[in-house]
J.: 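What follows is a single structure, and I will ask about it in a moment.
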Amino acid sequence: EAESGRIEISSIVDTVTKYNIESHGSVNKIVAINPNLEIDEASEQIVIRPMDIVFVRRKSDFLEQHTVKILGEVNYPGDFVLLNNSESLSSIIERAGGLKSEAYLAGAKVYRKNVGQVVVSLQDALKNKKSKFDLILKNEDIIIIPQINDIVSVKGAVQHEVNMKYDADNKNIKHYISAAGGYGERPWKKRITVKYANGKVKETKNYLFYRKYPRITEGAVVEVPTKPKKDDKVNLSEIISYTLTTLTTLTTLIILGRSL
């Protein structure tokens, strides 16, 4: 990946006499070296001196081999070298032989180094290749295509946390909360969330007299948070006592002020 046609040598140019050293700055020479390390006669005459700096530049169009890993329900899982800087999720799926019949597209995940999980919609990526849904992959990305997960989990402020089979005829969240025995103590209904198999989280939408809960899909996790306790109300007698004490203090100060 070295740019052999542009190697720079930077040298300090000084005039040294018996009594002083006068610096004239630095001078740069550019040397071309063939890939087999042969150089021309002029370049052979260049002598490297103390304090010289040699710069070997990198080719501007050089592409390192970047790899991604795809695991799970594809026909050829494993490591793949990215063909270019813009290869996308749908392209890797195709190169991996496509999806198996057991693949759960809605549960597809991508993990990126130093970032963590990246939420993707594999259905939209495959349906609309090279669109905004078709994620551009980076070096060391890990793609996981799971099997179909037909379990829905209900957690938090319910009577009994449960894991139950997904019912395609019942996508309403209340059906699954009812299966958990209903709400527990102090459920925060307007803050209920649903985490989907691909990592995406949807929250409850609250309107004036209406709540719209997220729909349930395979592999979803319903989380019912607990409403925090309100601060204890201040005792009425304490308010009266504090008010009288304050008034008494103010009256005393007024009397003292007039007497002065």
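Computed from heavy atoms alone, side chains included, the values below leave out hydrogens, waters and symmetry copies. This chain uses plain numbering: 1 for the first residue, then up along the sequence.
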J.: Between the main-chain N or O of Asn172 and the side-chain N or O of Asn170, is there a donor-acceptor pair closer than 3.5 Å?
T.: no

J.: Are Thr67 and Asn139 side-chain neighbours, meaning at least one heavy-atom pair lies under 4.5 Å?
T.: yes

J.: Please enumerate all residues that pass salt bridge (charged side-chain N to carboxylate O under 4.0 Å, His left out) together with Lys129, with sequence neighbours excluded.
T.: Glu94

J.: List for me each residue that meets side chain to side chain donor-acceptor pair (under 3.5 Å) alongside Ser10, sequence neighbours excluded, and say none if there are none.
T.: Asn28

J.: I'd like to check Asp134 versus Asn128 (side-chain heavy atoms, cut-off strictly below 4.5 Å). Are they in contact?
T.: no

J.: Before giving the answer on side chain to side chain contact (heavy atoms under 4.5 Å, CB included), spell out for Ile143 and Leu137 the whole-Å C-alpha distance, their side-chain angles and the decisive distance to 0.1 Å.
T.: CA-CA 10 Å; Ile143 306 148; Leu137 298 173; 3.9 Å; yes

J.: Among residues two or more places apart or on two chains, list those pairs meeting salt bridge (charged side-chain N to carboxylate O under 4.0 Å, His left out) that have a residue in residues 69-83.
T.: Lys69-Asp79

J.: Tell me who clusters with Phe55, hydrophobic residues only, linked when side chains sit under 4.5 Å apart either directly or through other members.
T.: Ile53

J.: State, to 0.1 Å, how close Pro225 and Ala157 come at their nearest heavy-atom pair, and which atoms those are.
T.: O-CB, 3.8 Å

J.: Please name all residues satisfying side chain to side chain donor-acceptor pair (under 3.5 Å) with Ser153, sequence neighbours left out, ordered by chain then number.
T.: Asn163

J.: So, taking the atom named NZ in Lys202 and the one named OG1 in Thr217, what distance separates them when rounded to the nearest 0.5 Å?
T.: 8.5 Å

J.: Does the side chain of Ser11 reach to within under 4.5 Å of the side chain of Ile9, using non-hydrogen atoms?
T.: yes

J.: Among all residues two or more places apart in sequence or in another chain, which pass the salt bridge (charged side-chain N to carboxylate O under 4.0 Å, His left out) test with Lys29?
T.: none

J.: Of the non-hydrogen atoms in Lys227 and Pro187, which two are nearest, and what is the gap between them?
T.: CE-O, 4.2 Å

J.: Taking transitive links into account, so neighbours of neighbours count too, which hydrophobic residues share a cluster with Tyr183 at under 4.5 Å side-chain distance?
T.: Val152, Val154, Val158, Val162, Met164, Tyr166, Ile173, Tyr176, Ile177, Ile192, Val194, Tyr196, Tyr213, Ile216, Val222, Val224

J.: Give a yes or no on whether Ile7 and Ile48 share a hydrophobic cluster (residues Ile, Leu, Val, Met, Phe, Trp, Tyr; joining criterion: side-chain heavy atoms under 4.5 Å apart).
T.: yes

J.: What pairs with Arg211 under side chain to side chain donor-acceptor pair (under 3.5 Å), at least two apart in sequence or on another chain?
T.: Asn206

J.: Identify every side-chain donor-acceptor pair in residues 107-127 under 3.5 Å, counting partners at least two apart or on other chains, and give the distances.
T.:
unit_1, atom_1, unit_2, atom_2, d
Lys109, NZ, Gly107, O, 3.4
Lys109, NZ, Ala197, O, 2.8
Arg112, NE, Asp141, OD1, 3.0
Arg112, NE, Asp141, OD2, 3.3
Arg112, NH2, Ile136, O, 3.1
Arg112, NH2, Asp141, OD2, 2.8
Lys113, NZ, Glu140, OE1, 3.4
Gln117, NE2, Asn198, O, 2.6
Ser121, OG, Asp124, OD2, 2.8

J.: Output all residues satisfying salt bridge (charged side-chain N to carboxylate O under 4.0 Å, His left out) with Arg191, sequence neighbours left out; order by chain, then residue number.
T.: none

J.: Are Phe133 and Ser90 packed together at the side-chain level, in the sense that at least one heavy-atom pair is separated by less than 4.5 angstrom?
T.: no

J.: Suppose the criterion is salt bridge (charged side-chain N to carboxylate O under 4.0 Å, His left out): which pairs have a residue in residues 152-175, not counting sequence neighbours?
T.: Asp150-Lys165

J.: From Ile70 CD1 over to Ile93 CD1, what is the distance, rounded to the nearest 0.5 angstrom?
T.: 3.5 Å

J.: To the closest 0.5 Å, what do you measure between OG (Ser91) and NZ (Lys130)?
T.: 8.5 Å

J.: Between side-chain atoms of residues 95-104 and protein atoms elsewhere (two or more places apart, or another chain), which donor-acceptor pairs fall under 3.5 Å?
T.:
unit_1, atom_1, unit_2, atom_2, d
Arg95, NH1, Val81, O, 3.1
Arg95, NH1, Glu87, OE1, 2.9
Arg95, NH1, Glu87, OE2, 2.9
Arg95, NH2, Val81, O, 3.0
Tyr104, OH, Glu218, O, 2.6

